[in-house]
Amino acid sequence: QVQLVESGGGLVQAGGSLRVSCAASGRTFSSYAMGWFRQTPGKEREFVASITWGGGSTYYADSVKGRFTISRDNAKNTVFLQMNSLKPEDTAIYYCARAKLGRVGRLPLEYDYWGQGTQVTVSS
């Protein structure tokens, strides 16, 4: 069973930065792409970023491109999301997820394991 545990969320002022992390259990972390999604009350879960198993390719939602950076450390079974120039509209619960084998998409259905989420709040 794979467990994903996010950390690093919190409250930050607009224009500030925050880094969230996701630690994964299991020995096969490096075989799978990973993604970050976010969700606000009453809205569907939204794709933020994803990264291939080796970290060679990354993908971003247009709304965060140029501000957020996804990375991973396979030796530590951890994936990161560095968020800069944060805006109030970035406020959400951020979830990390493991992609299904061979996938690295933007749809939640392409991911099979999810963390519990970490709250990010950006004040204006």
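Under a hydrophobic clustering in which Ile, Leu, Val, Met, Phe, Trp and Tyr are joined whenever their side-chain heavy atoms come within less than 4.5 Å, directly or via other members, V64 and I93 fall into different clusters. In the hydrophobic clustering of ILVMFWY residues, with side-chain heavy atoms under 4.5 Å counting as a link, V104 and W53 come out apart. Linking Ile, Leu, Val, Met, Phe, Trp and Tyr whenever their side-chain heavy atoms come within less than 4.5 Å leaves V20 and F80 in two separate clusters.
Residues passing the side chain to side chain contact (heavy atoms under 4.5 Å, CB included) test with L11 are T121, S123, sequence neighbours excluded. Listed by chain and number, the residues in a ring pair (Phe, Tyr, Trp, His ring centres under 6.0 Å) with F37 are F47, Y111, W114 (sequence neighbours excluded). With sequence neighbours left out, Y59 forms a ring pair (Phe, Tyr, Trp, His ring centres under 6.0 Å) with no residue at all. In this structure D73 satisfies the salt bridge (charged side-chain N to carboxylate O under 4.0 Å, His left out) test with no other residue, sequence neighbours excluded. Judged as a salt bridge (charged side-chain N to carboxylate O under 4.0 Å, His left out), and not counting sequence neighbours, R19 has no contacts.
Here the closest non-hydrogen pair linking Y94 and F68 is OH-CE2, 4.0 Å. The shortest non-hydrogen separation linking T78 to A23 is OG1-CA, 4.2 Å. When every heavy atom of P88 is checked against every heavy atom of S124, the shortest pair comes out as CG-CB, 3.8 Å. The two residues G10 and L18 have their closest heavy-atom pair at N-CD2, 3.8 Å. Shortest non-hydrogen contact noted between A24 and F29 is CB-CD1, 3.4 Å.
At a threshold of 4.5 Å between non-hydrogen side-chain atoms, the residues D90 and R67 count as touching. Put simply, the side chain of Q116 reaches to within 4.5 Å of the side chain of E6, judged on heavy atoms. Side-chain contact between V79 and I70: present, with at least one pair of heavy atoms (C-beta onward) separated by less than 4.5 Å. Taking the side chain as every heavy atom from C-beta outward, S17 and Q82 approach each other to under 4.5 Å. The shortest distance between side-chain heavy atoms of L4 and Y95 does not fall below 4.5 Å. T91 places a side-chain heavy atom less than 4.5 Å from the side chain of Q119.
Under the 3.5 Å distance criterion, the side-chain polar atoms of N77 are matched with a main-chain donor or acceptor of G26. Of the possible polar contacts, one joining the S25 side chain to the Q3 backbone as a donor-acceptor pair under 3.5 Å is found.
Taking CG of L109 as the start and CZ of R45 as the end, the distance is 12.5 Å to the nearest 0.5 Å. Separation of atoms OG (S71) and CG (L81) is listed at 8.5 Å; rounding is to 0.5 Å. Atoms CE and CD1, from M34 and I51 in turn, are 10.0 Å apart once rounded to the nearest 0.5 Å.
Under the salt bridge (charged side-chain N to carboxylate O under 4.0 Å, His left out) rule, D112 has a single partner from R103, R98, K100, which is R98.
Evaluation of the disulfide (SG to SG under 2.5 Å) test over residues 28-124, restricted to residues two or more places apart or in two chains, returns C22-C96.
Under a 4.0 Å N-O distance rule, the pair R38/E46 qualifies as a salt bridge. Remark: D62 engages K65 in a salt bridge, criterion side-chain N to carboxylate O under 4.0 Å.
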